[in-house]
Amino acid sequence: MKSFIKMTLVSSAIVLALAGCDDKKTTEENKAPAATTTAPANSTENANTNTTESKTEATTAQNSADKLTISTDAQKEAYALGSSFANYMKSNLEQNEVTADQEYLISGFNETMRGASQLSQDEVKNVLDAFGKRIQEESQARFEKQKTENTAAGEKYREDFAKQEGVIKTKSGLMYKILNEGTGRHPSAEDTVIVHYVGTLTDGRTFDSSYDRNEPATFPLNGVIKGWTEGIQLVGVGGKIKLVVPPELGYGDQSFPSQGDKASITPASTLVFEVELLGIDDDKENNPASSTEPEQTQEQNQPAAN
């Protein structure tokens with residue numbers, strides 16, 4: 001949290017890039033006359049609509065006119081720096097579920113850069129100390145709420161899953177169902193496997209899928225979550241297995257933000273995987289799939305990473 005607050009001090013100065021604004025835009029908007037709309041006295045709806053459309057058109061035109069032209073390496077470097085800080089700050093604000101008034105963020109940047117900040121450095125520090133404390137309290141409350149809800153949902157899902165035909169529960173608490181036994185050998189914990197899989201939460205939302213990437217994934221079984229290390233050894237090459245992984249065999253109380261249109265993983269989540277074992281790397285005899293390891297991304301590593 002301390003690093004987040006420190007970065008916020010810097011990032012708020014660069015948040016300019018989030019709104020596509022700069023000093024020139026602010027100055028010209030202050031000089032520009034207010035737009036007026038004439039409407040019949042008995043047409044409030046038309047007046048509101050016309051006013052909104054006028055404001056939208058004016059804002060669009062202003063943004064287009066004020067858009068900077070990047071023509072030198074120095075300008076590109078400065079813009080890239082601003083964009084990087086803005087993305088970092090935007091991501092952190094979203095992850096902490098913080099909504100900040102962009103107009104004041106931009107003003108804080110502009111005025112401080114001109115040496116005309118309305119707050120002293122001591123005031124800034126005191127405000128951000130209080131802000132950080134509030135965010136920590138809200139984050140802790142959100143964590144406890146998510147953990148309680150996920151624990152209850154996971155227990156209910158596992159209870160229902162256990163009633164299905166063919167479901168087996170191991171000593172560790174892992175639950176699985178063989179969907180296709182497969183004809184090849186079973187991997188060991190030291191093997192690297194080639195798989196297609198989809199990972200969902202107990203409510204059915206997908207948090208990762210190799211199918212969506214149209215590319216199988218390659219994982220060393222001794223470098224993944226415990227539920228995968230144990231579960232994938234229970235099926236042969238060419239087979240398919242459904243794994244229901246309790247939190248202690250998955251990510252425990254960790255959280256992972258959403259990737260694109262995928263769901264986020266929150267504390268104490270029970271994870272559900274359907275995995276096709278396509279092959280074992282470097283095992284040509286029992287490997288019907290290509291043994292070429294695809295380029296890994298953070299999202300690809302997520303569902304099986306420790």
Check your understanding: Would Tyr176 and Leu271 show up in the same hydrophobic cluster when neighbours are defined by side-chain heavy atoms closer than 4.5 Å?
Key -> yes
Exercise for review: Evaluate the criterion side chain to side chain contact (heavy atoms under 4.5 Å, CB included) for residue pair Phe161 and Lys177; output intermediate values, then yes/no.
Suggested key: CA-CA 9 Å; Phe161 184 65; Lys177 182 177 183 179; 4.0 Å; yes
Review point. So, does Ser83 use its side chain to make a donor-acceptor pair with the main chain of Tyr79 at under 3.5 Å?
Key: no
Revision key, fill the gap. Residues at least two apart in sequence or cross-chain that pass side-chain hydrogen bond (donor to acceptor under 3.5 Å, both in side chains) with Asn214, listed by chain then number, are none
Review point. Atom OH in Tyr251, atom OG in Ser269: separation rounded to 0.5 Å?
Key: 10.5 Å
Point to revise | Any donor-acceptor pair under 3.5 Å from Thr112 side chain to Gly108 backbone | key: yes
Review point. When rounded to the nearest 0.5 angstrom, what distance separates OG in Ser188 from CD1 in Ile280?
Key: 7.5 Å
Check your understanding: Only one of Asp212, Thr206, Asp208 forms a side-chain hydrogen bond (donor to acceptor under 3.5 Å, both in side chains) with Lys262, so which one is it?
Key -> Asp212
Point to revise | Taking every non-hydrogen atom, the tightest pair across Gly154 and Thr270 | key: CA-OG1, 3.3 Å
Practice item. Please check if Ile178 and Leu277 belong to a single hydrophobic cluster, counting links between Ile, Leu, Val, Met, Phe, Trp and Tyr side chain heavy atoms closer than 4.5 Å. Key: yes
Review point. Got a salt bridge between Asp129 and Lys133, using NZ or NE/NH1/NH2 to carboxylate O under 4.0 Å?
Key: no
Check your understanding: Going by an N to O cut-off under 4.0 Å, is there a salt bridge joining Lys226 and Glu230?
Key -> no
Practice item. Using only heavy-atom distances, determine whether the side chains of Thr266 and Asn150 contain a donor-acceptor pair under 3.5 Å. Key: yes
Check your understanding: Any chance CD of Gln121 has more than 12 other-residue heavy atoms, nucleotides or ligands included, within less than 6.0 Å?
Key -> no
Review point. For the residue pair Ser258 and Ser264, what are the closest heavy atoms and their distance?
Key: N-CB, 3.5 Å
Check your understanding: side-chain hydrogen bond (donor to acceptor under 3.5 Å, both in side chains) with Lys76: which residues, sequence neighbours excluded?
Key -> none
Practice item. Begin with the C-alpha distance, continue with both residues' side-chain angles, and end with the deciding distance and a verdict on side chain to side chain contact (heavy atoms under 4.5 Å, CB included) for Asp281 and Val193. Key: CA-CA 6 Å; Asp281 204 18; Val193 297; over 6 Å; no
Review point. Step by step, would you call Asp160 with Lys163 a side chain to side chain contact (heavy atoms under 4.5 Å, CB included)?
Key: CA-CA 5 Å; Asp160 291 342; Lys163 298 175 183 178; 4.2 Å; yes
Practice item. Indicate if Leu201 and Ile225 have the same hydrophobic cluster label, given that clusters are the connected sets of ILVMFWY residues with side-chain heavy-atom separations under 4.5 angstrom. Key: yes
**Study point:** Glu155 (side chain) donor-acceptor with Ala152 (main chain) under 3.5 angstrom
**Key:** no
Review point. Given side chains that start at C-beta, do those of Leu221 and Thr192 come closer than 4.5 Å, heavy atoms only?
Key: no
Point to revise | Atom pair CG (Leu93) and OG1 (Thr99), whose distance is rounded to the nearest 0.5 Å | key: 8.5 Å
Practice item. Given side chain to side chain donor-acceptor pair (under 3.5 Å), test Gln75 with Ser71 step by step and report yes or no. Key: CA-CA 7 Å; Gln75 291 170 345; Ser71 56; 3.0 Å; yes
Review point. Heavy-atom count around Asp203 CG within 6.0 Å, excluding the residue itself: above 12?
Key: yes
Review point. Is a donor on one side and an acceptor on the other found under 3.5 Å between the side chain of Ser91 and the backbone of Asn87?
Key: no
Study note, to complete from the structure: Rounded to the nearest 0.5 angstrom, the CD1-CD distance for Ile265 and Gln146 is 12.0 Å
For residues 233-248, which side-chain donor-acceptor pairs fall under 3.5 Å, sequence neighbours excluded?
{"residue": "Gln233", "atom": "OE1", "partner": "Ala189", "partner atom": "N", "Å": "3.4"}
{"residue": "Gln233", "atom": "NE2", "partner": "Thr229", "partner atom": "O", "Å": "2.6"}

Point to revise | Distance (rounded to the nearest 0.5 Å) between Glu97 CD and Ser139 OG | key: 8.5 Å
Practice item. State yes or no: do Val127 and Ile135 share one hydrophobic cluster built from I, L, V, M, F, W and Y residues joined by side-chain heavy-atom distances below 4.5 Å, directly or via other members? Key: no
Practice item. Taking all non-hydrogen atoms of both residues into account, name the closest pair between Glu123 and Gln118 and its distance. Key: OE1-O, 4.1 Å
Review point. Backbone N or O of Pro187 within a donor-acceptor pair of the Asp191 side chain at under 3.5 Å?
Key: no
Point to revise | Sidechain-backbone polar pair: Glu159 side chain, Lys156 backbone, donor-acceptor under 3.5 Å | key: no
Exercise for review: Not counting sequence neighbours, which residues clear ring-ring contact (aromatic ring centres under 6.0 Å, His included) with His196? List them please.
Suggested key: Tyr211
Practice item. Please list, chain by chain and in numerical order, all residues satisfying side-chain hydrogen bond (donor to acceptor under 3.5 Å, both in side chains) with Lys145, sequence neighbours excluded. Key: Glu149
**Study point:** Ser210 side chain to Tyr197 backbone, donor-acceptor under 3.5 Å
**Key:** yes
Check your understanding: Under a single-linkage definition using a 4.5 Å side-chain heavy-atom cutoff for Ile, Leu, Val, Met, Phe, Trp and Tyr, are Tyr104 and Leu119 assigned to the same hydrophobic cluster?
Key -> no
Exercise for review: Could you list the residues that satisfy side chain to side chain contact (heavy atoms under 4.5 Å, CB included) with Phe143, not counting sequence neighbours?
Suggested key: Gln140, Lys147, Asp253, Pro267
Check your understanding: Stepwise, does the salt bridge (charged side-chain N to carboxylate O under 4.0 Å, His left out) test hold for Arg142 with Glu138?
Key -> CA-CA 6 Å; Arg142 187 164 56 248; Glu138 291 177 354; 5.2 Å; no
Practice item. Report the C-alpha distance between Lys169 and Leu174 in whole Å, list the side-chain angles of each, state the deciding distance to 0.1 Å, and finish with yes or no for side chain to side chain contact (heavy atoms under 4.5 Å, CB included). Key: CA-CA 6 Å; Lys169 182 177 181 180; Leu174 175 71; over 6 Å; no
Review point. Between the side chains of Arg205 and Thr200, is a donor N or O closer than 3.5 angstrom to an acceptor N or O?
Key: no
Check your understanding: Which heavy-atom pair separates Leu249 from Ser172 by the least distance, and what is that distance?
Key -> CD1-OG, 3.5 Å
**Study point:** Ring centres under 6.0 angstrom apart (Phe207, Phe273)
**Key:** yes
